Amino acid sequence: MNDTPEKPSHFIREMIAADLASGKHDSVRTRFPPEPNGYLHIGHAKSICLNFGVAEEFGGVCNLRYDDTNPVKEDQEYVDAIARDVKWLGFDWDGEPKFASDYFEQMYAFATELIEKGLAYVCTLTPEEFREYRGVPTRPGTPSPHRDRSVAENLDLFRRMKAGEFSDGTYVLRAKIDMDSPNLHLRDPAIYRIRHATHHRTGDTWCLYPIYDFAHCLEDAIERVTHSLCTLEFEVHRPLYNWILENVTLPKPLPEQTEFARLNITNTVMSKRKLLELVREGEVNGWDDPRMPTLVGMRRRGYPPAAIRAFCEKVGVTKFNGLTDFALLEFCVREELNRVAERRMAVLDPVKVVIENYPEDGEEFFEAVNNPENPEAGTRQVPFCRELYIDREDFMEDPPGKFRRLAPGREVRLRAACYITCQSVVKNDQGEIEEIRCVWDPESRGGGTPDGRKVKGTIHWVSARHALSAEVRLYDRLFTEAQPDAVEDKDFREFLNPESLQVVQAKLEPGLAGFPPETPVQFERVGYFTPDPDSRPDAPVWNRTATLRDGWKGKT
RNA sequence: UGCCGAAUGGUGUAACGGUAGCACAACGGACUCUGACUCCGUUUGUCUAGGUUCGAAUCCUAGUUCGGCAACCA
């Protein structure tokens, strides 16, 4: 995926380069390890781009590995969706997708090894007692009364845990490390717990499941991962990651964990839990709602994967937990779309224009360029007749000085067509403009005149007789607050933007019929749009991906 | 209050003891058959205080602020 020419370095690239140069590793293997308990979002995209990206850059590979160690939260639906999203983003994993559950047998053996070495024990403290004994950061913990059980007894108990003799929450296996450690994660952490639950892959084979800290490092080691990249909140887990690996029998070199800052973007939320709430409570129309920061949402909205990759590259990789402006994402989206999207014309807020000196039943076609950024995209024929639609905001009865569009007595160019001059307006009883009466200059066919006179503005239009009607969904940021989940004493839902979705009935040029979803199109002078899967042949629906930058914004 | 980590313009980043640069945003201008794109320009920054050094964003000391950690979640 080398679509960004300049790749600024960052500490992870430098670390890998150094590890290769020093001979610490002779190849690179990373992994992207999602838990299949929700849909992937733009934050995951950063991790995907990093893990797959650096592996590729250094001639290595990246595994897709599902961290499915908690059957009560995970589901096959998510497994499938995650694989689709990773591929859509443009990456491919090494071999088959991997699953933590593939290693349950090996992990059980490693746990047994720990017990045999006197480094793990079965504890029957209740969860409440467990917490009490652990203590708090400022006070050391108290050893569990079961800490010194014999190896034989631990082995027997652990076997019986696996055999299903005990109920959930009664017994756990704990690593025997240091109850006085200032790092809570080292105070004899639980590594196995009992869960009589059906796992989406192993079914009812197990009633005993490993906990993240025990499982994750072993998954990495089993797969011979060299660089295990994760987010900052796992920094304090690193000593435990290393302790486990150093205390069981494993081939060298061992994987090493390195942490980087997760991605935050303004005016959205990134936690899977909160996104799930929005879905469940009907605040959005599913995980793939185009307002969601999920990959499926962005895809439906029309964000090209290349734009998301470029964004992740621009955001960089550091240990600083920042907040990236949504405008940067939009910039990347526009930059890509400007290159690839074909141009068409569409009128979102139609008002009728009548060309008085054009024959009632006449019609003709004008040739329009499909993409000025890409001559190979060719041209198309756009029909023209006596009655047209233009956007209401392209006309003003009493325009301010810098207004360059249509107004009484003013001449403008119709994009790719001809010049028209406004003669008068027709209003209804409420004083609203119903019709704009114009005359055209037949000499201006093609967009210029023999006398070479200039017009101030060019506006887009659609032939009324030939126009397609369509529903167009206009999206805006989901939240009105930059950090909706970081405002004290406020629930993030209070900042939902009531105007995040507006639906309008638009008029489209006929050439816009039949595009499949995810086709990027620029409605000239308006924005980038893409067909929604809700479209039916007789009722097209378009999503606004992004507006065009507006250098005017109603200036006077 | 314990441990871990991080602080560079409005935002995100670069610098690896030697001219604080890039991108986004904002603002001005040029160009334009898209008020888009493109081009040019402007504004704004090294958390604080000491120290080392000819020279510090960078090294040292102390402080400040922010983030993370006390699920049998990941």
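Lettering follows sequence order; numbering is per chain, from 1. This structure is a prediction, so every number in the text was calculated from the model and none was measured. As a basis for the values below, the full set of heavy atoms in this structure was taken, side chains included, without hydrogen atoms, waters or symmetry mates.
OP1 or OP2 of B:C37 sits under 4.0 Å from a side-chain N or O of A:R549. At B:C73, one or more side-chain N or O atoms of A:R195 fall inside 4.0 Å of OP1 or OP2 (strictly under the cut-off). In this model, the phosphate group of B:A74 is approached by a side-chain N or O of A:T69 to a distance below 4.0 Å at OP1 or OP2. Residue A:R525 places at least one side-chain N or O closer than 4.0 Å to OP1 or OP2 of B:G35. The phosphate of B:C37 has neither OP1 nor OP2 within less than 4.0 Å of any side-chain N or O from A:R343. At the phosphate of B:A74, OP1 or OP2 sits under 4.0 Å from a side-chain N or O atom of A:R193. Distances shorter than 4.0 Å separate none of the side-chain N or O atoms of A:T138 from OP1 or OP2 on B:U1.
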If pairs are Watson-Crick or G-U with both distances under 3.5 Å, what is the dot-bracket string of RNA chain B, marking crossing pairs with [ ] and pairs to another strand with |?
-> .((((((..((((....[..)))).(((((.......)))))....(((((..]....))))))))))).....
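Comparing the P positions of B:G63 and B:C3 gives a spacing of 12 Å, expressed to the nearest Å. Taking atom P in both B:C37 and B:C24, one finds a spacing of 11 Å when rounded to whole Å.
A salt bridge between A:R453 and A:D441 is present, with a side-chain N of the basic residue lying under 4.0 Å from a carboxylate O of the acidic one.
A:Y241 and A:H237 have their aromatic ring centers separated by at least 6.0 angstrom. Aromatic pair A:Y108/A:F158: ring centres closer than 6.0 Å.
Taking the side chain as every heavy atom from C-beta outward, A:N63 and A:T30 never approach each other to under 4.5 Å.
Residue side chain A:R405 reaches the base of B:G35 through a donor-acceptor N/O pair under 3.5 Å, judged by distance alone.
Each of A:Y209, A:Y192, A:F110 was checked for a ring-ring contact (aromatic ring centres under 6.0 Å, His included) with A:F214, and the lone residue meeting it is A:Y192. The residue from A:Y389, A:W461, A:F365 that alone fulfils the ring-ring contact (aromatic ring centres under 6.0 Å, His included) condition with A:F384 is A:W461.
Base orientation of B:A71: syn (glycosidic angle within 90° of 0).
In the model, A:N321 has a side-chain atom that pairs as donor or acceptor with a side-chain atom of A:N264 under 3.5 Å.
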